[in-house]
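Okay, so here's the structure we're looking at.
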Amino acid sequence: MTLKIYNTLTRKKETFRPIREGEIGLYVCGITVYDYCHIGHARVLVAFDAITRYLRSQDWQVNYVRNITDIDDKILNRAAENNEDYTKLTARMINAMHEDERALAVLEPDSEPRATGHIDNIINMIQNLVDNHYAYRADNGDIYYRVKRFPDYGKLTNINLDELLSGARVEPDEAKEDPRDFALWKAAAEDETGWDSPLGRGRPGWHIECSAMSTSTLGETFDIHGGGPDLPFPHHENEIAQSEAATGKTFVHYWMHAGAVRVDDEKMSKSLNNFFTIREVLKKYHPEVVRFFLLSSHYRSPINYSEDNLIEARQGLERFYQALRDFSDVALLNDDELKQSSWYKRFTEAMNDDFNTREAFAAMYDLVRELNTAAREQRSDARHLAAQLKGLGALLGLLDADPETFLQGGGTLGQSASDGLSEQQIEILITEREAAKTAKDYARADELREQLQGLGVILEDSREGTRWRRE
RNA sequence: GGCUGGAUGGCAGAGUGGUCAUGCAGCGGACUGCAACUCCGUUCACGCCGGUUCGAUUCCGACUCCAGCCUCCA
């Protein structure tokens with residue numbers, strides 16, 4: 001089955017053709033670690049995690065590289081504000097990032113290079129660019145990329161160099177030959193953070209670290225480069241200019257960019273200061289609800305982070321776990337068994353079409369209905385349907401929790417204690433209600449049920465007894 | 001202003017040249033002591049104007065509006 005991927009470079013959905021048969025080199029721009037990750041980071045992390053999991057399930061050998069930018073002006077400024085060494089700040093933020101990733105079931109990439117671990121590669125690449133006149137050393141000691149010398153500049157985002165110049169936003173800098181040039185190496189004084197090198201003492205500018213890390217881990221030309229919605233310009237445009245000038249080869253075949261996360265229908269940005277960190281979000285919502293929410297739109301569409309939409313995601317996920325409730329013990333199918341399934345076929349058709357997770361969900365919801373019907377009729381295929389549902393969920397990193405635990409957790413974590421009702425207390429009230437029901441004292445039974453409902457506990461009666469879940 | 005992408009039912013959100021998206025919500029029914037869960041049925045749709053076509057929400061063009069990037073940001 002052919003895999004189609006929307007390529008930012010061509011602005012078209014294209015049939016994916018790997019450089020080497022069966023293999024995919026994937027580089028995703030990771031985090032600049034000067035603060036906690038926010039919900040926008042979460043989207044990129046979760047989207048490429050789901051994509052990578054899916055590709056591997058289709059027998060692609062994926063080499064997934066996601067970098068950490070751990071040296072940068074924002075980091076140095078923040079460290080100075082905190083009056084701490086910048087490596088202390090980045091170490092703390094990297095730990096926090098890893099915690100957030102684990103919570104969201106984001107698997108580790110195959111490698112996670114850090115800018116400070118690639119200083120030699122960065123220096124070599126800049127030296128190469130200087131030697132070939134793609135870069136020059138300015139009077140202030142900074143080294144800039146000579147944008148004019150790279151004729152393809154702007155091919156990713158279709159910008160016109162002259163118009164870029166007329167845009168007043170380009171910062172005029174006396175040291176530059178041309179205001180459009182950007183820094184590769186920033187000169188550093190002895191008492192500033194920097195590395196000694198043939199380029200002079202300094203530190204890398206933003207952009208060059210990704211060119212160095214990606215080409216040194218995946219080769220001068222690789223398959224897919226991904227990132228957030230604000231990266232095509234200037235970051236990826238500059239990466240192309242640096243890398244292709246340095247190697248003389250095509251840098252990347254497919255460019256993938258996630259859509260923006262909005263907050264209550266407002267643009268989310270650092271300057272508006274309206275972003276939510278992942279850890280704040282996880283205080284309100286179960287991590288799988290957040291993951292499900294992020295995957296419930298196509299990865300390229302804008303998505304709106306709001307109370308309503310998160311509640312909706314929770315309800316959707318609850319539908320899956322309700323269906324799996326009586327099948328928590330079913331074993332996962334092996335690959336061959338799963339691939340026999342017609343549901344699997346529909347699911348993969350959706351995913352092979354530029355990773356259409358929402359369409360894949362539609363197939364899973366239809367499977368849920370079939371499963372519920374089978375279970376109601378006590379059909380023998382119910383267990384197999386449940387196993388297929390879990391199998392499809394696993395391809396996206398979903399539905400791995402114990403259904404009862406998920407439903408009784410009520411879509412958030414750790415709220416049972418603050419609710420004032422322990423599981424034991426709930427069970428006691430349910431037993432009391434059972435007694436009232438047996439005695440046909442329905443008024444008392446309803447009173448108990450309403451009491452529990454007021455505390456966020458929903459009861460569900462069945463022939464086998466009463467189950468409960470939190471809203 | 002330039003460059004991208006989009007406009008689908010009450011909301012969210014896919015997709016298709018002519019028969020169903022899907023989820024939530026609503027309505028009717030089954031189940032239930034009553035509910036909840038679940039199942040069955042069902043209402044509600046493709047921004048606006050032209051064109052192509054036997055037929056367009058789907059293709060083409062104009063228009064209007066919205067979002068992202070062009071400034072730190074994933």
Assert: residue with more 5' nearest nucleotide on RNA chain B, out of A:Asp353 and A:Gly40, is A:Asp353
Q) Under 4.0 angstrom, heavy atoms only, what part of the nucleic acid is A:Tyr442 near: base, sugar-phosphate, or nothing? A) base
* To do: With heavy atoms under 4.0 Å as the rule, sort A:Pro229 into base, sugar-phosphate or nothing.
  => base
Contact class for A:Lys74 vs. all strands (heavy atom < 4.0 Å): base, sugar-phosphate, or nothing?
sugar-phosphate
Distance below 4.0 Å between A:Thr157 side-chain N/O and B:rG2 OP1 or OP2
no
So, is A:Lys267 close to the B:rC69 phosphate, meaning a side-chain N or O under 4.0 Å from OP1 or OP2? yes
Work out how far the C1' atom of B:rC73 is from that of B:rG18, and round it to whole angstrom. 47 Å
Item to check | Heavy-atom check, side chain of A:Leu389 versus side chain of A:Met364, under 4.5 Å | outcome: yes
Less than 4.0 angstrom between a side-chain N/O of A:Asn356 and OP1 or OP2 of B:rG15, yes or no?
yes
| With a non-hydrogen cut-off below 4.0 angstrom, is A:Asn304 in contact with a base, only sugar-phosphate, or nothing? | nothing
Please write out each protein N/O paired with an N/O of nucleotides 36-38 of chain B under 3.5 Å, distance rounded to 0.1 Å.
from   : atom 1 : to       : atom 2 : distance (Å)
B:rA36 : O2'    : A:Arg469 : NH2    : 3.3
B:rA36 : N1     : A:Asp461 : O      : 3.0
B:rC37 : O2'    : A:Gln322 : OE1    : 3.4
B:rU38 : O3'    : A:Asn372 : ND2    : 3.0

- Contact check, side chains of A:His225 and A:Glu239, non-hydrogen atoms, under 4.5 Å: yes
ask   = Reckon A:Ser301 touches a base, only the sugar-phosphate, or nothing at all at heavy-atom distances under 4.0 Å?
value = sugar-phosphate
